[in-house]
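Here's the structure we're looking at; comments come further down.
Order of the sequence lines sets the chain letters (A, B, ...), proteins ahead of strands, with each chain counted from 1.
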Amino acid sequence: PRKEKRGKIKEKKSKEEKKEKRKKNKKKSDEEETPQKTQKRKSKEGEENNNNKKAKKEDKKEETENKWKWWEEEKKEDGVKWTQLEHRGPYFAPLYEPLPDDVQFYYDGKPLKLSLATEEIATFYAKMLDHEYTTKEIFQNNFFNDWRKEMTSKEQKIIKDLDKCDFREIHKYFVDKSEARKALSKEEKQKLKEESDKIQEEYGYCILDGHREKIGNFKTEPPGLFRGRGDHPKMGMLKKRIMPEDVVINCSKDSKIPEPPEGHKWKEVRFDNTVTWLASWTENIQNTLKYIMLNPSSKLKGEKDWQKYEVARRLKDVVHKIRAQYRADWKSKEMKKRQRAVALYFIDKLALRAGNEKEEGETADTVGCCSLRVEHIKLHPNLDGQEHVVEFDFLGKDSIRYYNKVSVEKMVFKNLQLFMKNKNPADDLFDRLNTSILNRHLQSLMDGLSAKVFRTYNASITLQEQLKALTNSEDNVAGKLLSYNRANRAVAILCNHQRSTPKTFEKSMQNLQIKIDAKKQQVEEAQQELKKAEDEFEDTKDAKAEANVEKKKKLLKRLEEQLAKLNVQATDKEENKQIALGTSKLNYLDPRISIAWCKKFGVPIEKIYNKTQREKFAWAIDMADEDFEF
DNA sequence: CCTGAGACTTGGAAGAATTTTG
DNA sequence: CAAAATTCTTCCAAGTCTCAGG
């Protein structure tokens with residue numbers, strides 16, 4: 001309680017202090033708004049109903065006024081995460097609604113009425129019918145196995161072959177249903193939205209140390225079929241419905257303890273203030289825990305995030321020493337040390353993940369640095385004019401392929417040859433190393449250092465360097481944003497953050513090209529018209545003609561700018577085809593670097609961070625000025 | 001040291017909402 | 001204004017890493 005008080009007082013005080021600052025900021029950002037935008041807003045004003053607008057405005061006000069600036073408070077003692085935690089417990093997935101009687105399941109061509117539980121599981125499969133998953137044998141087998149377990153003995157006797165099961169009518173029912181939902185009237189949609197807002201309002205927040213904080217995932221996961229990524233041995237297995245009896249609640253002793261749904265009990269209620277989760281349950285596929293935790297905008301998550309970047313910044317001070325040491329260790333007499341040094345080199349240079357061991361047969365076969373196998377690399381003494389080239393080809397996290405050809409130092413190359421000698425393709429490359437050995441070593445080099453810190457550090461430092469190299473202060477905002485995206489992209493490539501090419505990519509690229517061509521045409525026409533106007537002015541020398549010249553000049557300039565913008569867009573799009581920027585932006589790049597860049601070059605923060613991102617990075621937005629250096 | 005449990009971060013895809021376009 | 005395109009949000013799987021206990 002004492003702590004809480006102190007926090008509150010501090011908050012109040014700081015609020016007053018910041019009021020001035022905020023005012024200034026607001027003015028500034030208002031001014032910075034483009035005229036276009038203001039105009040749009042104005043034109044909207046007329047149509048939109050006043051009530052709505054007012055409500056929105058108040059909403060916005062509240063947002064800025066009530067924010068908890070936890071980063072201005074003193075830290076809690078080690079290991080204690082909160083002193084007060086109150087919430088409503090998870091929101092449970094809706095119960096199964098039976099199919100209407102005219103929607104039937106067919107076995108061997110004949111309609112078959114299923115028991116409720118069996119029918120529910122059948123709908124899981126039916127819903128996925130046009131997904132590639134259902135064509136895979138493992139998926140089908142796992143599903144059928146688990147499905148049969150839940151059948152009545154009578155059903156078990158009849159349903160013996162998945163190929164004889166016809167789910168198409170059920171499938172169609174759900175397709176139609178989702179179409180119908182899309183086609184609802186505005187009012188009906190509004191009503192649905194209000195209902196979900198109400199649930200969000202009730203279950204989506206908790207009270208943490210006197211502050212209302214948003215929860216990240218307040219709903220239990222609905223039952224369904226497990227979809228792993230890549231070649232997952234468990235794909236298609238039945239994910240069971242979570243019941244209150246499965247759920248452990250965590251909250252503070254003196255808080256209002258959440259009520260389980262009527263007729264039910266919690267598995268357990270505990271009061272553990274050394275952890276950050278509000279509720280947990282064990283998931284039946286991998287037998288691991290799942291948690292309900294806070295939203296990234298919360299203090300608990302934000303503080304940790306901030307701390308992560310501070311650790312990475314400390315690495316910056318010692319990284320030269322560490323690099324010198326692992327280079328020296330390449331020549332160590334101890335095999336163990338050599339392997340450690342080469343692995344660390346990969347982690348540092350290529351931003352590979354640590355690579356924990358995984359239980360065989362339980363998950364897809366993926367690897368990281370320490371778990372690389374001989375079959376994952378090829379050594380080329382010479383390749384495409386480069387020496388000592390290592391060709392990596394393996395599946396990493398989420399079964400995303402890592403493919404890279406890297407020219408490495410001679411000593412690394414020699415070591416790799418040594419590590420691979422007399423081994424089978426399926427043998428571990430670093431047979432004397434694992435993540436715990438590596439991390440123990442790293443911890444001894446710097447407090448808080450582990451393998452993943454290198455990824456954070458290299459990502460952030462790369463962004464900072466790239467921004468420095470690419471940004472041209474003469475550019476307009478669009479040009480600067482292209483530079484930002486390119487810097488971001490360099491990081492995403494480093495971290496191997498890939499996405500599948502969007503389905504609409506080719507088409508939208510074509511459309512853009514058409515637009516560019518049309519704009520070029522316009523520019524040419526405008527040039528001709530300007531010429532004509534100039535000639536006319538030459539002849540007549542009258543004021544009207546002069547004004548006309550000015551007008552045409554302006555038009556041309558505007559068109560040229562628009563063309564440039566389109567070209568920038570096209571470049572950006574093409575370069576981004578298979579790169580996913582989101583993960584690095586959200587998890588690896590110290591937000592203060594981006595914010596400092598925005599401030600320095602007069603780019604509004606909203607251009608690089610959307611609302612959610614600004615909420616997550618509120619701490620950074622508040623504390624970073626344009627001089628921030630990572 | 002090794003092992004497994006536990007807690008927490010990181011990841012792309014899919015679905016929903018919003019904006020742009022024709 | 002509807003359809004298409006784009007952006008944002010949700011979903012939940014899959015990593016990392018620490019710690020307790022043998």
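Counting non-hydrogen atoms under 4.0 angstrom, A:Ser280 reaches nothing in the nucleic acid. Nucleic acid contact class of A:Tyr588 (heavy atoms, under 4.0 Å, all strands): sugar-phosphate only. Note on A:Leu586: nothing from the nucleic acid sits closer than 4.0 angstrom, heavy atoms only. A:Lys193 comes within contact range of no nucleotide atom at all, as no heavy-atom separation falls under 4.0 Å.
Although no hydrogens or angles enter the test, the distance criterion places no donor-acceptor pair under 3.5 Å between the side chain of A:Lys585 and the main chain of A:Tyr609. Listed for the A:Asn434 side chain is no donor-acceptor partner under 3.5 Å among the backbone atoms of A:Asn356.
Each of A:Gln286 and A:Gln200 lies near DNA chain C, and the nucleotide nearest A:Gln200 is the one positioned closer to the 5' end. Both A:Arg229 and A:Lys182 sit near DNA chain B, but only A:Arg229 has its closest nucleotide nearer the 5' end. Residue A:Lys214 is the one, among A:Arg227 and A:Lys214, whose nearest nucleotide of DNA chain C lies closer to the 5' end (criterion: closest heavy atom). Heavy-atom nearest nucleotides on DNA chain B were determined for A:Lys336 and for A:Asp305, and the one closer to the 5' end corresponds to A:Lys336.
Residues A:Phe226 and A:His232 bring their aromatic ring centres within 6.0 Å. Taking the six-membered ring for Trp and the full ring otherwise, the centers of A:Tyr205 and A:His87 sit at least 6.0 Å from each other. Centroid-to-centroid, the aromatic rings of A:Tyr402 and A:Phe394 come within less than 6.0 Å. Here A:Phe392 and A:Phe346 bring their ring centres to under 6.0 angstrom of each other.
We find that CE of A:Met128 is positioned 12 Å from C1' of B:dA14, with the value rounded to whole Å. Rounded to an integer number of Å, the gap from A:Lys239 NZ to C:dC11 P is 11 Å. Rounded to a whole Å, the CD1 atom of A:Ile608 is 16 Å from the C1' atom of C:dT7. Between the CG atom of A:Asn295 and the P atom of C:dC11 there is a distance of 13 Å, given to the nearest Å. If you take CD of A:Glu615 and C1' of C:dT10, they are 15 Å apart, rounded to a whole angstrom. A:Ile199 has its CD1 atom 13 Å from the P atom of C:dT10, to the nearest Å.
Below 30°, between 30° and 60°, or above 60°: for A:Tyr125 and A:Phe143 the angle between ring planes is below 30°, a parallel geometry.
Using five terminal pairs a side, the axes of the helix from B:dC1-C:dG22 to B:dG22-C:dC1 at its two ends make an angle of 10°, given in steps of 10 degrees.
Distance from the side chain of A:Lys308 is smallest for B:dT10 among the nucleotides B:dT10, C:dC8, B:dT9. Checking C:dA5, B:dT9, C:dA14 against every side-chain atom of A:Lys301, the shortest atom distance belongs to B:dT9.
Phosphate proximity of B:dA13 to A:His131: absent, as no side-chain N or O sits under 4.0 Å from OP1 or OP2. Between C:dT6 and A:Lys573, a contact under 4.0 Å exists linking OP1 or OP2 to a side-chain N or O. Taking 4.0 angstrom as the limit, A:Asn610 places a side-chain polar atom (N or O) nearer than this to OP1 or OP2 of C:dC8.
Partner A:Leu563 forms a side chain to side chain contact (heavy atoms under 4.5 Å, CB included) with one of A:Lys515, A:Gln522, A:Lys519 and no other, that one being A:Lys519. If you run side chain to side chain donor-acceptor pair (under 3.5 Å) between A:Glu310 and each of A:Arg313, A:Arg314, A:Gln307, only A:Arg313 comes through.
A salt bridge between A:Asp365 and A:Arg373 is present, with a side-chain N of the basic residue lying under 4.0 Å from a carboxylate O of the acidic one.
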* Which parts of nucleotides 15-22 of chain C does protein reach within less than 4.0 Å, heavy atoms only, written one letter per nucleotide 5' to 3' as B for base, S for sugar-phosphate only and - for none? -> SBB-----

